[in-house]
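I have placed the structure first, in the form of structure tokens, so that the comments after it can refer back to it.
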Amino acid sequence: MLEIIILVGLAVGLIALFIMVAAGGFQKGGGGPANVIFGATQDLLTHDQKKAIEVVVKKQAGETEEEQTSGESEK
């Protein structure tokens, strides 16, 4: 009976360790479920939505659009 309890405990521990490693639990500053959620939602977006997100991210990063610097629009 004690052997079964020990084996079950080890199995639960190994499963928890696997989930922690798969979620990026040993990395500092990031990883984990946020990356999985971002990747899953990124596949559901349309091309226009992805382009809009890209523009907003570049604007927040301080980058300027090419058409603003050259005066020409991309078409």
Side-chain angles (χ1 to χ4, degrees):
M1 184 67 167
L2 182 62
E3 295 170 351
I4 295 173
I5 295 173
I6 292 173
L7 288 175
V8 169
L10 284 174
V12 169
L14 287 174
I15 291 171
L17 180 65
F18 175 76
I19 291 171
M20 191 177 214
V21 169
F26 294 117
Q27 300 172 355
K28 288 189 178 182
N35 290 338
V36 173
I37 293 169
F38 175 74
T41 55
Q42 193 72 7
D43 291 339
L44 300 174
L45 299 175
T46 65
H47 177 71
D48 292 336
Q49 290 171 332
K50 289 179 186 178
K51 184 67 176 170
I53 290 172
E54 182 180 338
V55 168
V56 170
V57 169
K58 284 184 178 181
K59 188 174 185 179
Q60 288 178 349
E63 296 180 17
T64 57
E65 290 293 313
E66 292 178 15
E67 50 184 77
Q68 290 177 350
T69 58
S70 67
E72 300 174 3
S73 62
E74 291 181 22
K75 288 189 178 185

Practice task
Look up atom CG in L7 and atom CG in L2, then write down how far apart they are to the nearest 0.5 Å.
Solution key: 9.5 Å
Handout entry: Transitive ILVMFWY side-chain link I4 to V12, under 4.5 Å
Key = yes
Practice task
Look at atom CG of L10 and say whether more than 12 heavy atoms of other residues, nucleotides or ligands are closer to it than 6.0 Å.
Solution key: yes
Practice task
Give a yes or no on whether a salt bridge exists between E54 and K50, defined as a side-chain N under 4.0 angstrom from a carboxylate O.
Solution key: no
